[in-house]
Colleague: 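Dumping the structure here so I can ask a few things about it.
So you know, we letter chains A, B, ... as the sequences are listed, proteins then strands, and number each from 1.
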Protein chains: 2
Amino acid sequence: MKRNTVQKKTIRKYLQSVKTHPTAKQVYLEVRKTLPNISQGTVYRILKNFKAKGDIHEINSVTNRYDGDLKPHSHFICDKCNKIFDIFENNKINKHQCKFGKITSSQVYYHGVCNKCNK
Amino acid sequence: MKRNTVQKKTIRKYLQSVKTHPTAKQVYLEVRKTLPNISQGTVYRILKNFKAKGDIHEINSVTNRYDGDLKPHSHFICDKCNKIFDIFENNKINKHQCKFGKITSSQVYYHGVCNKCNK
DNA sequence: ATCGGTGCAAATCCTTTGCATTTCC
DNA sequence: GGAAATGCAAAGGATTTGCACCGAT
């Protein structure tokens with residue numbers, strides 16, 4: 001992904017102009033207004049590439065996982081092996097002053113590379 | 001989902017016994033060792049139900065969304081309208097003392113009901 | 001001209017759902 | 001017995017991928 005194509009420019013420009021946190025589908029539908037022939041596959045490929053380069057963030061990744069442990073805790077996700085570790089230390093997030101609405105729960109995800117994969 | 005079936009008991013027991021944050025598929029494969037006839041559909045239905053009741057947590061939900069804004073910030077997700085709001089206030093998470101590995105990034109998700117939906 | 005990127009369509013993976021059957025209370 | 005949950009299989013939605021063609025360098 002070294003070439004700076006119209007498709008990439010358009011998607012980048014769109015993502016930087018917007019505050020709506022669009023899905024891949026929404027990106028596709030919007031960008032298609034400018035580039036009627038762009039395909040969903042291309043949008044997925046470009047988003048994946050941007051994400052890998054760190055040009056954009058992805059909110060929610062990989063497949064859903066389930067946790068039967070209800071004690072409040074965070075997760076450390078190894079981006080290499082996808083293993084998830086529990087972090088029971090307190091994070092001092094202030095749940096009580098949010099102007100957008102009433103917070104009922106919060107989840108913290110830390111991404112990185114675990115000790116094993118880091119060797 | 002009022003009845004306490006074998007399927008539910010087995011899935012609940014499994015999730016409480018394990019620290020691996022399994023996917024729905026993994027739950028299915030594991031539980032099938034005890035209940036060879038259980039179907040994936042049932043596993044999905046039961047997990048969804050447990051989650052709704054608050055008996056388990058789901059790590060990562062809904063479809064991936066993308067964010068071109070790289071300034072560090074958190075997200076507030078309205079569980080009614082699924083709208084995502086940006087929170088630029090600092091959360092004081094300590095990135096620098098994690099025993100599992102090296103943290104390269106973190107994401108904080110707040111769930112709740114936004115002001116508009118709360119009316 | 002080259003070869004990386006795109007468009008298209010098929011394939012794959014994940015999740016949901018309709019319906020007949022089974023099972024719990 | 002009757003409502004509710006399950007199993008099955010098909011459908012639906014998201015994402016990936018193979019391949020022939022196109023276009024940026």
Colleague: Might you point out which heavy atoms bring Ala24(A) and Val43(A) nearest each other, and give the distance in Å?
Modeller: O-CG1, 3.7 Å
Colleague: Using the closest heavy atom to pick a nucleotide of DNA chain D for each, name whichever of Arg45(B) or Gln40(A) lands nearer the 5' end.
Modeller: Arg45(B)
Colleague: Using the closest heavy atom to pick a nucleotide of DNA chain C for each, name whichever of Gly41(B) or Arg3(B) lands nearer the 5' end.
Modeller: Gly41(B)
Colleague: Tell me: NZ of Lys2(B) to C1' of dG2(D), nearest whole Å?
Modeller: 13 Å
Colleague: On a heavy-atom basis, which atom in Lys51(B) and which in Ile56(B) lie closest, and how many Å separate them?
Modeller: N-CG1, 3.7 Å
Colleague: Hey, does Lys25(B) reach any base, or is it just sugar-phosphate, or nothing, if we go heavy atoms under 4.0 Å?
Modeller: nothing
Colleague: Without decimals, in angstroms, what is the distance between Leu47(A) CG and dA14(D) P?
Modeller: 14 Å
Colleague: What's the CD-P distance between Gln7(A) and dG4(C), to the nearest Å?
Modeller: 17 Å
Colleague: Between Tyr28(A) (OH) and dT16(D) (C1'), how many Å, whole number?
Modeller: 16 Å
Colleague: Please report the closest heavy-atom contact between Phe50(A) and Arg12(A), naming both atoms and the distance.
Modeller: CE2-NH2, 3.3 Å
Colleague: Could you tell me the separation between the NZ atom of Lys48(A) and the C1' atom of dT6(C), rounded to a whole number of Å?
Modeller: 16 Å
Colleague: Would you tabulate the side-chain donor-acceptor contacts of residues 35-42 of chain A under 3.5 Å, counting partners in other chains and residues two or more places apart, or write 'none'?
Modeller:
unit_1: Ser39(A); atom_1: OG; unit_2: Thr42(A); atom_2: N; d: 3.3
unit_1: Ser39(A); atom_1: OG; unit_2: Thr42(A); atom_2: OG1; d: 3.1

Colleague: Please report the distance, rounded to the nearest Å, between OH in Tyr44(A) and P in dC8(C).
Modeller: 16 Å
Colleague: How many Å lie between CG on Leu35(B) and C1' on dT22(C), as a whole number?
Modeller: 14 Å
Colleague: Atom CG of Asn4(B) and atom C1' of dT23(C): how far apart are they, to the nearest Å?
Modeller: 13 Å
Colleague: Look at the side-chain N and O atoms of Thr5(A) and state whether any lies under 4.0 Å from the OP1 or OP2 oxygen of dG5(C).
Modeller: no
